[in-house]
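Every chain is numbered from 1 and lettered A, B, ... according to where its sequence line falls, protein lines coming before strand lines.
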Amino acid sequence: MDIRREDKTSHLFQRHARHVRITLAFRAALTGTAIALCVGVLLSALAWRLGWSSSYRWWFVLAGPLGASFSLLHAHRNRWSDLNVALYLDGCLRSSEAITTAVGLNATGADSPARTVVMRDAAEALKRVDAIRPRLRVLRRHHGMIPIAALAFVWTVRLPMRVTVAPPTSPGTNLVSVADVQGLEKVIALDALRTPDPAQRERLKRIAQDANALRDRLSQGMERREALSELARLRDAVAAERMSIGDGERRAGLEVAQGRLAQVPALRRAAKALGDRDLTRFDDEMQRVAGAREQRDRDAARQALEDAAQEAQRAGAPDVARALEDQRRLFDSREGRAQVLRDFGKALDDQLSPEAKKELDALSSGVGNADTAKLSKALADALGRLTEQERARLAEKLARQAEGDPNVSPMSKDHLRKLSKQLETDEGKRNLEEQLRQMANAPDQSEESRRQRSLDDAERGLGEAERKLGGLPIPMLGSEGSSNQRGSGSDESSSDQSGAPQAGSHHDKGHGDHKGSTAPVDGTELRARAGGKINPAAPMPGVVAGRGQARIGETANVRGSGVLGEVGPGELGGVERSEIPQEYREHVGRYFSP
Amino acid sequence: MTQSAASFEERLALAARANGELRAALASVLVGQTEVIDQVLWCLIANGHVLVEGAPGLGKTLLVRTLASSLELQFSRIQFTPDLMPSDVIGTNVLVADTSSAGARHFALHKGPIFGQVILADEINRATPKTQSALLEAMQEHAVTIAGVRHVLDEPFFVLATENPIEMEGTYPLPEAQLDRFLLKVLVPAPSEDDLTQILVRTTGHEQVQPRAVLKRDQVLELRSLCRDIAVAEPVLRYAACLVRATDPSAESAPEIVKRSIRYGAGVRGAQSMILASKASALLEGRAHVAFADVQRVAPACLRHRLIRSFEGEADAVTTDQVISQVLSAVPTRPDGIEKAVRKG
């Protein structure tokens, strides 16, 4: 019976012990859940701060079950032993450690005389457990964090994504990365540009290398302002090369040559172009003069070229002299070409298209620059389309032209006869056609002109590159001369994609715009005129619209006439001899224009 | 119910009844002093000896005499004086004339007062250390040696020694090693007004209450045996050990007052005396197992004479009872988590 009592007591104790352990485990699980949910809230908030989307943040809800699991595991590992449970029950029941003593005796199996009595006392105490219900509560105060943490978690998960505003960067510090900058290709091509001056050759090579390096850096990414600065530097270098002819000490030679050319009326425009150091325009003018109708004009131009070259050489401007000699050499071939085209054109007048006729008229009249390449091609096409009969008729026509026109020079007559003879055979016709096509394709430009065209292209390319990167390139002066330019480039380059003018600075707080009151201009480009020294001893070349001819020796301090609308002759000269930079003289001079 | 279980329960019941009767018998003579009576009974049942400290006239001698009368045990009183010799305590051989033959003499043992069963050693601190040691040896061995002959003392042998705390001039305080032999040190407080009134009523009249015998010697021995059979759970033993460890100033668990005021803590005998006294306490309450409360109840009496104060403790007039009180507060009965669960749920 004692054994049964002991078993009963033990069974009763184990039942209560299980209940206590489960309660403690459940309490630990709730505590773990509360702590883990708080951690989950913090992690969710951190994830929101880092910019994670809510679909990722929801995963942090797993912290709750994880915390509960870990707590249960921890509670299981640290579960109360039988003795501890007995101590707890004795403390709650105030049973004077009867249960503890009984559990201890049971555990050791000691054969104590007091065992039975102790077991009885323990059993009596355990019976009171159900009645008293030990005060082992499951819920603690900190378990109240569970619903609060759950709500906080839902709130953090549903928070909208943060919009990160990038800090404002200094203007121009944003990185730009441009894979392909077309404009720089033209600058890089300067490496292959031929020039008689070795020093210029080196400078051009260096410019090309710098452009190449800039292209590489742009492809990898660099600061916008640095890129623009580099482009502007290259642009200045190219502009300096473009305007290098007759600069510095050679200015005198340039002016002398210009003066000599200006003495020939037909060469006045060419002289002005030379004075502006616009060799492209100079070349075009010389081409036009070479195609002049009057032999007299052509001879005068030829002679003027020779004289100007010599005078430039004597005045210490070998580069100017070289350019003039180059023009002189080209003059004869151009003259011959123009003659052929004129003669052929006249003969094939009815076979030509309206555009070709237009070019022929320009060539014949000597006004404007005819497109000889286009005309040559049109003539070659027309010649190719001729039937045998038409070819024979053309040959006769040319023969008649040679004999019939008293104004035609002997040289031209021979030329016409030669052409007529060639047209008598098919083979001759084909040769003529081939010559015309070669004439169309062959470049009819001087070396200097070609060089300057390349530099113009390079400078234009740099301007495009600057525009592409959002810069405002300084307008180039066009081939027609700066005096007639209306500053076109700046307005276009200052417009954004929507066509509206952009504000000057991001610090501007005003509501106005920067359109200005000047009307937009249609000019394609402007070129800057670099400053040059004024040679008071040399006659001033050219005619500038709005200003009168300057005279040597005049000064600015000349008394005016006092009559409105009239200007004293000396007043105009004062502008020329003033310290005003050359590019602004045009504007300043207009104030004094009559 | 088996025979052993039945006998133990019966024994336990007898013990509880005996306790009641004994207290009643003592209470019929003594007024108040219930705690003193409890502690003396613990000591008696735990087979120990008690050191009583109190002012003269508080009934120490009456207590012991009444106890001896109630238990039908032989009572003897030893008044210690500075000139008391060991032989005065333990006895001596005396040369006596032989009555059977004239002129013949022989040595006869003249037993000293120590050969009683309940001994009152009054003012033990007045005797010389040599005389003290004679008593203390008898307390330890339960035997005396006289002229090379060992004489075992009758059981139960119970010594109640007193120390006069007032007249310390010319006394020989017991050394700590000797104090350790006493199971308990009981402090006899002054009676309350009501108790004093009652004392006056009882002692100043004609009637003198004589205590009656309630227990016999064998029953006392049985109680002693039963005391040893009381079960003690391991947590209770551990608690007693923790208490004793906490009185050691070098222990980490020692409270600040111990570290500051105590030079030497209670030793192994202190822990043993606590458990034995706890068992006696449980037995007298009719329990077969010791509780934490038993240990806490007996701790002051068991430990107060075993703690040796440091200079700072003496200078600060810190009593050992204060130290023991703080130790009891500092040492938890149960592990922390269980204590918290019991307290808060």
Side-chain angles (χ1 to χ4, degrees), chain A residues 1-6 20-21 23-24 27-28 75 78-108 110-122 124-125 132-142, chain B residues 1-16 222-223 225-240 242 275 278-297 332-345:
Chain A
M1 191 175 291
D2 287 338
I3 295 173
R4 279 206 298 276
R5 172 183 284 177
E6 285 190 20
V20 168
R21 290 195 184 105
T23 305
L24 287 173
R27 183 202 290 176
N78 294 285
R79 66 184 181 277
W80 283 359
S81 62
D82 285 347
L83 265 181
N84 286 343
V85 174
L87 280 172
Y88 166 73
L89 290 174
D90 278 328
C92 293
L93 299 169
R94 298 182 196 281
S95 52
S96 301
E97 283 66 61
I99 303 172
T100 307
T101 310
V103 168
L105 287 174
N106 227 13
T108 58
D111 187 19
S112 167
R115 184 188 181 93
T116 307
V117 177
V118 171
M119 289 297 178
R120 184 200 66 197
D121 292 342
E124 290 295 324
I132 297 175
R133 270 288 172 215
R135 307 179 303 277
L136 190 59
R137 292 177 299 173
V138 174
L139 293 177
R140 293 294 190 96
R141 214 174 295 175
H142 58 262
Chain B
M1 192 184 293
T2 61
Q3 192 172 6
S4 62
S7 61
F8 189 85
E9 259 187 276
E10 284 173 3
R11 291 160 66 196
L12 211 59
L14 281 171
E222 172 60 21
L223 284 176
S225 172
L226 195 58
C227 178
R228 291 271 171 169
D229 290 337
I230 297 299
V232 185
E234 191 266 347
V236 178
L237 292 171
R238 189 169 294 280
Y239 175 62
C242 286
I275 295 301
S278 300
K279 285 188 174 183
S281 170
L283 176 61
L284 292 176
E285 289 189 3
R287 280 185 278 112
H289 57 274
V290 176
F292 290 123
D294 296 322
V295 176
Q296 290 171 336
R297 197 179 310 130
T333 55
R334 303 174 188 85
D336 195 38
I338 300 170
E339 188 66 37
K340 212 181 279 184
V342 170
R343 221 175 26 248
K344 296 182 184 176

* **Proximal component of B:Val290, with respect to chain A [non-hydrogen, under 4.5 Å]** => backbone
* What part of A:Ser95 lies closer than 4.5 angstrom to a heavy atom of chain B: side chain, backbone, both or neither? -> backbone
* Which of the residues A:Ala98, A:Gly104, A:Ala107 is involved in the greatest number of heavy-atom pairs with chain B at under 4.5 angstrom? -> A:Ala98
* B:His289 side chain vs A:Glu97 backbone, donor-acceptor pair below 3.5 Å -> no
* chain A contact via B:Leu226 - which portion, at a heavy-atom distance below 4.5 Å -> neither
* **Heavy-atom pair count under 4.5 Å with chain A, highest-scoring of B:Ala293, B:Ala288, B:Gly337** => B:Ala288
* Structure fact -> Residues A:Trp80 and B:Ala341: closest non-hydrogen pair is CH2-CB, 3.7 Å
* **Minimum heavy-atom distance B:Glu234-A:Leu83, with the two atoms named** => OE1-CD1, 3.9 Å
* Are A:Val117 and B:Phe8 side-chain neighbours, meaning at least one heavy-atom pair lies under 4.5 Å? -> yes
* Starting at OG of A:Ser81, measure out to CD1 of B:Ile338 and round the result to the nearest 0.5 Å. => 6.5 Å
* Taking every non-hydrogen atom, the tightest pair across A:Leu105 and B:Ala231 -> CD1-CB, 4.2 Å
* Asked: Out of A:Ala114, A:Ala102, A:Ala86, which one racks up the most heavy-atom pairs below 4.5 Å with chain B?
  -> A:Ala114
* Asked: Pick from A:Asn84, A:Val103, A:Leu87: which one makes a side chain to side chain contact (heavy atoms under 4.5 Å, CB included) with B:Pro235?
  -> A:Leu87
